[in-house]
Amino acid sequence: MTELLLHFDDETVLAEALAHALGCALQPIRRHRFPDGENKLTLPAKLPQRVALLRGLQQPNAKLAELMIVAPAARDLGARHLTLVCPYLAYMRQDMAFTPGEAVSQRHIGAALAGWFDHVITIDPHLHRVATMDEVLGGKRGTAVSAAALLGDWAARHVERPILLGPDAEAAQWVRLAAAAHGLEHGACSKQRSGDREVAVALPPMDFAGRAVVLIDDVASTGRTLAAAAVALLAQGALSVDVAVTHALFVDDALARLAGAGIRHVWSSDSVPHSSNVVSVVPLLVAALADQRA
Ligand code: R5P
């Protein structure tokens, strides 16, 4: 079982809840930023054998540099089994070379994490053409759990007879999970992305007139995908459009854009700390860590 959970100061709320649920010790990793931009990272001087590190990879680049140092440092200090608990795992959308010469970042980030950690636990990674975390991690063990059922349950309890809709084909997997427990109507749109901020969404052939729709997705970044779907739904006479996503990245003016598109509520899991967080991923992470023990 996990003896110690390590964390950084910007994820204290989730770390405290997780350590409490696990009944394990919690210690911070302290950071000092030198004037030239380098980090000094300080861990507890002596570590137990089974250590987990909580680190979500929203805004990933600086955090990956920290993981590159923390993982071997933890082993130097006594950790024998090191698990990365990574609620949001970045770089999963780049799973093929879309143009010649383009790096397949998913594969390379996966290989780096597999080299640093014995196990990686994450939530709703954007797996599409590559189906499993074992493939991402190059044979090392990985666990993916899903917050979709929690979001579906929230929608069922807060919206009258909702239709759950994925804004693109990849989202069909999460919408199915979200709809299952309450037997909710569901479907998925198709999406064409022509740039970081240019998307076109086509609705599936369903009757949305007078219906409350909840858009379900793994991650919202610029909000363009959700906004395009909402505009199309309201144009077809939907009564309301709400949003429930696992990972609330919401960069720049994303929230204002969603409001401007007519979206009523924005809900998310607390995998990424954000004002829209309404459901807790702690039970999912506890179960994944317990499974790892088996
Ligand atoms: C990709 O297909 C993901 O599931 C999301 O739909 C996408 O990343 C959302 O990006 P944005 O909010 O920038 O449209």
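All ligand and atom numbering here is 1-based and tracks the order in the structure. None of the values given here were measured: they were computed from a predicted structure.
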Any Glu170 side-chain heavy atom under 4.5 Å of Arg93 side chain: no
Verify same cluster id: Leu226, Val251 (apolar side-chain graph, 4.5 Å): no
Residue and atom name of the nearest protein heavy atom (relative to atom 14 (O) of ligand 1), distance in Å to one decimal: Thr225 OG1, 2.5 Å
Numbered atoms of ligand 1 (with element) below 4.0 Å of Ala220, judged on heavy atoms: 12 (O)
Top protein contact for atom 1 (C) of ligand 1, by heavy-atom distance: His126 CE1, 3.4 Å
Parallel, tilted or perpendicular, as decided by the 30° and 60° cut-offs, for the rings of His158 and Trp267: tilted
Side chain proximity check, Asp153 to Val279, heavy atoms < 4.5 angstrom: no
Distance, nearest 0.5 Å, that separates CE of Met133 from CG of Leu113: 7.5 Å
Any Leu6 side-chain heavy atom under 4.5 Å of Pro44 side chain: yes
Min heavy-atom dist Lys191 to ligand 1 below 4.0 Å: yes
No-hydrogen, no-angle side-chain donor-acceptor test under 3.5 Å, Asp218 and His126: yes
Protein contact of atom 10 (O) of ligand 1 - nearest heavy atom, named by residue and atom, plus distance: Arg193 NH2, 3.1 Å
Side chain to side chain, Met206 and Arg211, heavy atoms closer than 4.5 Å: no
Element-labelled atoms of ligand 1 that are located less than 4.0 Å from some non-hydrogen atom of Glu170: 2 (O)
Check: Gly223 N/O within less than 3.5 Å of ligand 1 N/O: yes
Heteroatom distance test (Arg93, ligand 1): nitrogen or oxygen, under 3.5 angstrom: yes
Option among Arg141, Arg75, Arg50, His81 that satisfies the side chain to side chain donor-acceptor pair (under 3.5 Å) test with Asp118: Arg75
Nearest non-hydrogen protein atom, atom 2 (O) of ligand 1: Asp168 OD2, 3.0 Å
Closest protein heavy atom (residue, atom, distance) for atom 13 (O) of ligand 1: Thr222 OG1, 2.6 Å
Non-hydrogen side-chain atoms of Leu54 and Leu14 separated by less than 4.5 Å: yes
Part of Leu226 with heavy atoms under 4.0 Å of ligand 1, whether side chain, backbone, both or neither: neither
Atom 6 (O) of ligand 1: the protein heavy-atom neighbour that sits closest, reported with distance to 0.1 Å: Asp217 OD2, 2.7 Å
Contact with ligand 1 for Arg197, non-hydrogen, under 4.0 angstrom: no
N/O separation below 3.5 Å, Trp174 to ligand 1: no
Location of contacts on Arg257 toward ligand 1, heavy atoms closer than 4.0 Å: neither
Element-labelled atoms of ligand 1 that are located less than 4.0 Å from some non-hydrogen atom of Asp218: 3 (C), 4 (O)
